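Below: one structure, written as structure tokens.
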Amino acid sequence: MLELSFIKENKDKVLEGLERRCYPAETTQIIDQILDLNEQRKSLQAFVDVKKSEINKLSGQIGQLFKSGEADKANALKEDVAKVKEEIGGKESQLSETSEQLTLLLYKIPNVPHPSVVKGQSDEDNEVHIPHKGDLPVLGEDAKPHWELAKQYNLFDLELGVKITGAGFPLYRGKGAKLERALINYFLDEASKRGYEEIIPPLLVNEASGIGTGSLPDKEGQMYYVEKDDLYLIPTAEVPVTNIYRGDILDEAQLPIKLTGYTPCFRREAGSYGAHVRGLNRVHQFNKVEIVRFEKPENSYAALEEMLKHVTDLLEALGLPFRVLRLCGGDLTFASALTYDFEVYSAAQKRWLEVSSVSNFETFQSNRMKTRYKDANKKKQLVHTLNGSALALARIVACILENNQTAEGITVPEVLRPYTKFDIID
RNA sequence: GGAAGAGUGGCAGAGCUGGUUUAAUGCACUGGUCUUGAAAACCAGCGUACGGCAACGUACCGGGGGUUCGAAUCCCUCCUCUUCCGCCA
């Protein structure tokens, strides 16, 4: 959520940001509504505060009078209080309604994109930030997509997942399960090497946590919801991990805070089904290692570059052909100011698959969560939050299987062998 | 799941027979005095949010609601924690 003070002082920037996101014109009007409501709120509060102050004073006097036995005078004052209350009338409830409305409207305004983000409608307008190096791999005519390879080598089973749960819940087995576990451990170890503290968070979160990171309100439909306990299954470790510091005022010395966590991720994503979402390309449950950072504002973009390098290193080590995109305004997620998407090329499917997304949210999440720090002058400031996948597993597995297939079997990337304890899947 | 008790400012902890509590006191923390320096001692400051140039005002004693002229204090409700019992990886 944007800060009210920022909207007030930088209305043009906010509008220009909406423009680059290709937001509909109605959203522009919300900005004016917000500013109007805020003025209303301010005058309401000033009024109510003064009246309450009067009541407080009178009540104090009544107390004194009762003590000194002057009940008559006290009772007379009670009538004065009643008058003041009448003056307040519905203003107090108006005040709280106005504040609530204001918050709801603020929730509707997305983050202002970083100046480097280009205007664009959809993923077709994304810019290539780091192009793929060298030629794209070409496989033989008989190359198979990962869902066929999985069947051939008995690595994961989507039909069994259907039997046990439903569509989109893969069951990994044998070397498929071991490969999955190897990747998780490898990614966690690499994050640890770079100074991230490992976290195992709860997989269900409450409403406040969902609001903190921006998964709520509005996006309820994308999360699994346990009605009986009013809890949500996490769509990413970002939600529980970022909310660790919800409502906290940190010490400057604590920053930066670097956290990593492996969790399964649950996404309802009632989207389309078809050839392009076959196999592991899109599932309701997948595994992911997430990295999360809390930074001082002046350091957050350097941190983003570090994260970019981190993910780049992982993909290079795995030997997967990839490119990095800088998302255009229209493809940027609601809370993000700048996002880099990583896409891995699937040689068998002959298409790019998104495997990671690294974003700087600046103060958008921290303003919702009220996560601040005291700077050198002891002034409270919102921190910047960042996060990224390092990495999301399902599609990485798909690409490893497809790109590394040989007549003898699927070769395991060198860096994973200490974890898998086998070199080839055959 | 059942029973009992409890949730107060960074921590500890009073207040909880409703009215100088505008939340005592201690510790921690910050600044100052003293000192060669430090410690000790002493003095002062020391929560968050909103409004206001400011003085200051308002709200917050787990969350929400209620009673009252007035609520940390009484009532209702939800949440959490502790102890005991039950169940259980």
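Source: prediction; values computed, not measured. Just so it is clear, the values below take in all heavy atoms, side chains as well, and ignore hydrogens, waters and symmetry mates. In what follows, chains are A, B, ... by sequence order, proteins preceding strands, each numbered from 1.
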query = Which nucleotide, in any strand shown, forms a Watson-Crick or G-U wobble pair with B/U82, with both distances under 3.5 Å?
reply = B/A4
ask   = Mind checking the C1' distance from B/U68 to B/C75? Whole angstroms is fine.
value = 12 Å
ask   = Should B/U58 form a Watson-Crick or G-U wobble pair with both distances under 3.5 Å, which nucleotide is its partner?
value = B/A49
request  = Decide whether A/Lys144 and A/Gln405 meet the rule of one side-chain donor and one side-chain acceptor closer than 3.5 Å.
outcome  = no
inquiry  = Distance check, P atoms only: B/G15 and B/G37, in whole angstrom units.
reply    = 45 Å
key: Among B/C69, B/G57, B/G51, the one nearest A/Ile62 by side-chain distance   = B/C69
inquiry  = Atom CD of residue position A/Glu305 - does it have more than 12 heavy atoms of other residues, nucleotides or ligands inside 6.0 Å?
reply    = yes
key: Same-atom distance (P) from B/U25 to B/C79, integer angstrom   = 37 Å
message = Rounding to an integer number of angstrom, what distance separates B/G13 and B/C27 when you compare their P atoms?
response = 15 Å
task = Among B/C50, B/A59, B/C69, find the nucleotide with the atom closest to the side chain of A/Lys78.
result = B/C69
Rounded distance (Å) that lies between atom P of B/G19 and atom NZ of A/Lys57 = 21 Å
Lys/Arg N to Asp/Glu carboxylate O, A/Lys13 vs A/Glu16, below 4.0 Å = no
query = How long is the line joining CD of A/Glu207 and C1' of B/G64, in whole Å?
reply = 14 Å
inquiry  = I'd like the C1' distance from B/A3 over to B/G9, given in whole Å.
reply    = 33 Å
ask   = Mapping A/Val50 and A/Lys380 to their closest nucleotides on RNA chain B, which lands nearer the 5' end?
value = A/Lys380
request  = In whole angstrom, give the distance that lies between atom NZ of A/Lys370 and atom C1' of B/G47.
outcome  = 17 Å
ask   = Would the number of heavy atoms belonging to other residues, nucleotides or ligands and lying under 6.0 Å from CZ of A/Arg246 be above 12?
value = yes
ask   = Among B/A49, B/A59, B/C50, which nucleotide sits nearest the side chain of A/Lys52?
value = B/A59
key: Electrostatic pair A/Glu92:A/Lys51 at N-O distance under 4.0 angstrom   = no
message = Which residues in residues 30-43 of chain A have a heavy atom closer than 4.0 Å to any atom of RNA chain B?
response = A/Arg41, A/Lys42
task = Scan every strand shown for a Watson-Crick or G-U wobble partner of B/G19, both distances under 3.5 Å, and answer none if you come up empty.
result = B/C69
inquiry  = Using atom P in both nucleotides, what's the gap between B/U8 and B/G57 to the nearest angstrom?
reply    = 28 Å
ask   = In terms of the angle between their ring planes, are A/Tyr419 and A/Tyr186 parallel, tilted or perpendicular, with boundaries placed at 30° and 60°?
value = perpendicular
request  = Tell me yes or no: between the side chains of A/Thr98 and A/Gln40, is some donor less than 3.5 Å from an acceptor?
outcome  = no
request  = Could you state the atom-to-atom distance from CG of A/Asp49 to P of B/G52 in whole Å?
outcome  = 11 Å
task = Starting from P on B/G47, measure out to CG on A/Asp248 and report it in whole angstrom.
result = 18 Å
task = Can you tell me the pairing partner of B/U35 across any strand shown, Watson-Crick or G-U wobble, with both distances under 3.5 angstrom?
result = none
query = Taking everything shown except A/Glu39 itself, do over 12 heavy atoms lie less than 6.0 Å from its CD?
reply = yes
request  = Could you measure between the two P atoms, the one in B/C61 and the one in B/G66, and give it in whole Å?
outcome  = 15 Å
ask   = Once you round it to whole Å, what is the distance between P of B/C69 and CZ of A/Phe66?
value = 10 Å
inquiry  = side-chain contact (heavy atoms from CB on, under 4.5 Å) for A/Val118 and A/Asp125? Distances and angles first, verdict last.
reply    = CA-CA 8 Å; A/Val118 297; A/Asp125 300 315; 5.6 Å; no
inquiry  = Tell me the interatomic distance from A/Leu250, atom CG, to B/G10, atom P, rounded to whole angstroms.
reply    = 14 Å
query = Can you check the A/Leu102 CG to B/G51 P distance for me, whole Å?
reply = 10 Å
Row check, A/Phe422 ring normal vs A/Lys175 NZ/CZ: under 6.0 Å, within 45° = yes
Rounded distance in Å between the C1' positions of B/U35 and B/C42 = 14 Å
message = When both hydrogen-bonding distances must be under 3.5 Å and the geometry is Watson-Crick or G-U wobble, what is B/A40 paired with, if anything?
response = none
message = Using heavy-atom distances to pick each residue's nearest nucleotide on RNA chain B, tell me which of A/Ala46 and A/Lys374 is more 5'.
response = A/Lys374
ask   = Which one is paired to B/U25, where only Watson-Crick or G-U wobble pairs with both distances under 3.5 angstrom count?
value = B/A12
key: Per-nucleotide protein contact string for nucleotides 70-77 of chain B, where B marks a base within reach and S marks sugar-phosphate only (heavy atoms under 4.0 Å, - for neither)   = S-------
task = Sequence neighbours left out, what passes salt bridge (charged side-chain N to carboxylate O under 4.0 Å, His left out) with A/Asp313? Give chain and number order.
result = A/Arg194, A/Lys309
